[in-house]
Amino acid sequence: VQATHEAVAAEGREFLTFRLGAEEYGIDILKVREIRGWETPTAIANTPEFIKGVINLRGTIVPIVDLRLKFGLGDARYDGATVVIILAVARRVIGVAVDAVSDVTTLDAQQIRPAPEFGTGLDTRFITGLGTPGERMLILVDIEKLMTSKDMQLIQSQPNPSEEVHEVV
Amino acid sequence: MSAKPSALGDTRAFHALFFDEADEHLATVEKALLGMDPAAAASDDLNAIFRAVHSIKGSAGMLGFPEIAALTHVFENLLDLLRKGERSLKREDVDAMLRAGDAVKSQVAFHRGIAAVAPDMRAAQADLAALTQVATPQRRFAVTLGPLAAPIAQAELDLMLAGLGEMGELDSQDIRNEAGGEIRFHVALSGAEADLQSVLALVVAPELIRTERAEPGANSELFVDPAVWKRRNAERRRSRGRRETDREPQSGTHGGDTSSIRVSVEKIDRLVNLVGELVITEAMLEQQYGRLADLSRHTRNLQEAVMAIRMVPISAVFSRFPRLVRELSQRLGKEADIRLSGEATELDRGLIERITDPLTHLVRNAVDHGLESPAEREAAGKPRGGTISLEASQRGGNIIIQVRDDGRGLDRDRILARARERGIGIAPDAPDRDLWQLVFEPGFSTAQAVTDVSGRGVGMDVVRRNIHLLGGSVELDSRPGAGTTVTVRVPLTLAIIEAMTVGAGGRTYVLPLAAVVESRRLQPGEIRGIAGAVRTLRVRDEYLPVRQLGGGEELAVIMEADGARAALLVDELIGQQQVVVKSLEANFRKVPGVSGATIMGDGKVALILDVAHIVKENASASHT
């Protein structure tokens, strides 16, 4: 994780920012494949509530996760404004439903502060820092680490712990 | 349906083999015929066709298919004339032979039980016979043998005369069978002149044979000069020798360069199914005992190897197109050539079947709409004949098939006009890409006239839908005056299963048909509880555990897996269809009770239920 911080500090990176309830988040733009409108997925039994189901994305079956439900932020409404961010992480394609996509922001090292311990639903393990462009506060998330984590139940749990470390790098 | 008994007794065991071989031979015949240039027919092609037809004739006669034997016999006669240069190959010959091939094909299909009605082979047979007749009307020859150095043995002479008597009519005999004498007679034949020569050559040295046309009024041209005959005879011997050596490599292999065996599709599919079950079992073990690395790896490797057996070169589809293009262009008064490449590209057998129709449609379109008439082409400074090219290649996990023509290209203005007519909102300056997409809209046809080939506006949308059903995509690119290219992309790795689709709770689910025993409509109260918790359904003498999929309690699908059964309550039976199995695990993970997913006709995802899991879950539940 430390190495990631330094990489960010050195170059400055672009983040796609989106809202979950009142909070604004930023994720590495390179992990984003496309942004789509909401379409009702096919629900799957025996999965957590925040996994909304799967959709057909040009012939591939893609799971859709609602981060609002996962983190208890905002109310999970599905309407014309609901946006699905299609991510390409860990050689997988995963869709994430959020309230709205704001913009793409470039942050340099000075604009990224370490994240304090705070009591949101989102585990601080997945927060790489706080972005502060102007007056805004972006919660920067290591989306790949989050999506591949056990909590998301998106990926077959690997009994081998070294696997998880690999995924982050 | 059944063949007449033959000398071999019960030959039914050989029938399947004969049908397969006949189909293969017919494919050879068709390919050779289509590849043949009437202006310069290669004797190799004719010989290949002859061999194929001859094999069919031989087996058909032996196994008791007299209709096939009769037709192939006439077929052979025509080929013989062509082969020996007695008749020069014309387009009508090729057409007649193609039709004859079709007739045999449909006869084989009938005997296989695929076609319900026995096809009438007489037309095809009459066509061929007419052609052989035209080639050789009865001709009278005046034959002179001699002067003889010594008398010919009487037995040999009788044999020869009897042989000629079978071939035609013999008269005006003047036989002086003695040293210095001559044997003269007239013979009227419908057979080939070479046949006459060969019979005569049995008894007399070729240099002593003289045959002359003996028609009254016909200028009695010397039909074959002895010197010419001698030379021809030598050539014929050489070519026969070559034919014999040609034959050698043919016997063991079927055209391919690797040795192969013929295995029925059912056996392979069974293997695929078994491996599929193994994969599911392995997944279940993994869930119970954690990851079993070796087992998992071996299972996957086995699955891949088995799936590879199902792979078939795309030439299986492409091979039909030369004929299609030929016939279509003929019918439409166009000239078209077809070029195939990448025919060795392999794809799943199930996919081959399902891609044939869309591709056929695209090729038809290319000939009908794409290519201009020869006159138009000339006016545009292009060669009179158009070219349709079909190209297949593998790119990553996809097979890409391109259907290209060098015709007039799509007409922007006409598509725009048509869009306006149909009330489709599109800007006049929309990019080509967007405009071409309109061609795939239902009912959208810009054909000026509806022909029997195309132009009814049902087509491109069906093509697109079918390709989408396979999990593929289709794109169109066109330049005015330069032609149109349609690119079809389909996944390479796909397994298709026969499935029953059911509705429950407003959703569609897919059940592998192999696991479905029956479906039943239930009476109220048929489902009973045991100890207030577990519900069962009595089917004949068995109490089956009940699994609820939707809200209804009126329809039950009885499923079986691993020897155990369970009843699944559903709201609706939708139908049976083949579905493409998509992995849930590629982007997600295993979900208990779900073995995969498929994409339905409306683009929605439907889950394929893991029957083994559902049955097992119930079985264990009913025991607790």
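- Electrostatic pairing of B:Asp610 and B:Lys590 does not count as a salt bridge here, judged by no charged N lying under 4.0 Å from a carboxylate O.
- Both cation-pi conditions hold for A:Arg68 and A:Tyr78: the charged atom is under 6.0 angstrom from the six-membered ring centre and inside a 45 degree cone around its axis.
- For A:Ile94, the part lying under 4.5 angstrom from a heavy atom of chain B is the side chain only.
- Comment: B:Glu553 engages B:Arg535 in a salt bridge, judged by a side-chain N to carboxylate O separation of less than 4.0 angstrom.
- Most heavy-atom pairs under 4.5 Å with chain B, from the set A:Thr47, A:Ile51, A:Ile44: that is A:Ile44.
- Put simply, of A:Ile55, A:Val54, A:Thr40, the one with the most heavy-atom pairs under 4.5 Å next to chain B is A:Val54.
- Checked by atom type, the side-chain pair A:Ser102/A:Glu24 shows a donor-acceptor distance below 3.5 Å.
- Contacts of A:Ala45 with chain B are made by backbone atoms alone, with heavy-atom separations under 4.5 Å and no side-chain atom involved.
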